[in-house]
Amino acid sequence: MIKKPLILALGLLLLLAFTACGTSVKDITKIVKASLQQNLTNDPQYSELNLKVTDLQVEKVDDINYKGIAQIEYRGELHPVNLIISIDGKQINWEPVSGAFKFIR
């Protein structure tokens, strides 16, 4: 599982220059996809596994909450990873749902 402190640290790096009401689903998708890939590349728990985020679909739930499904390539196969995404002011936070990376173990 991706460590929460690392997710929070990456979330802090995702401070946006625009407010949540001006953030499009397209922008959120781009930012979260890049952050997720950076996390998988840099986290020692995952970095040697060569995980690749090939796609991310994001759907708005309400004004601040979104849900996403990332497609993660692992050993030549794609695996869906469900994400919970929220916008808090100028910050985008995301985290995988519990057990999202069970395909690795």
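Throughout, numbering of the chain's residues begins at 1 and tracks the sequence. It should be emphasised that the depicted structure is a prediction, and the values quoted were computed from it without experimental measurement.
- Evaluation of the side chain to side chain contact (heavy atoms under 4.5 Å, CB included) rule for Ile84 yields Glu95, Val97 as partners, not counting sequence neighbours.
- To the nearest 0.5 angstrom, Leu56 atom CG is 7.5 Å from Leu36 atom CG.
- More than 12 heavy atoms of other shown residues, nucleotides or ligands fall within 6.0 angstrom of atom CD1 in Ile104.
- Between the side chains of Gln91 and Asn93, a donor-acceptor pair is found at a separation under 3.5 Å.
- Here the OG1-CD1 distance, from Thr23 to Ile28, works out to 5.5 Å after rounding to the nearest 0.5 Å.
- Gln45 CD to Phe101 CZ: the interatomic distance, rounded to the nearest 0.5 Å, is 9.5 Å.
- The OG atom of Ser47 sits 10.0 Å away from the CG atom of Leu40 when rounded to the nearest 0.5 Å.
- Linking Ile, Leu, Val, Met, Phe, Trp and Tyr whenever their side-chain heavy atoms come within less than 4.5 Å puts Val32 and Val25 in one cluster.
- Summarising the geometry, atom OH belonging to Tyr46 is positioned 13.0 Å from atom OG1 belonging to Thr41; distances are rounded to the nearest 0.5 Å.
- Every residue two or more places apart in sequence or in another chain that forms a side chain to side chain contact (heavy atoms under 4.5 Å, CB included) with Thr54 is listed here: Lys52, Gln71, Glu73, Leu78.
- Here Leu83 contributes atom CG and Gln57 contributes atom CD; the two are 11.5 Å apart, rounded to the nearest 0.5 Å.
- For Lys67, the side chain to side chain contact (heavy atoms under 4.5 Å, CB included) criterion is met by Glu59, Val61, not counting sequence neighbours.
- Phe103 places a side-chain heavy atom less than 4.5 Å from the side chain of Ile72.
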Checklist entry - Hey, mind stepping through Ile64 and Asp62 against side chain to side chain contact (heavy atoms under 4.5 Å, CB included) and telling me if it holds? => result CA-CA 6 Å; Ile64 62 169; Asp62 58 38; 3.8 Å; yes

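- Between the Asn39 side chain and the Ser35 main chain, no donor and acceptor come within less than 3.5 Å of each other.
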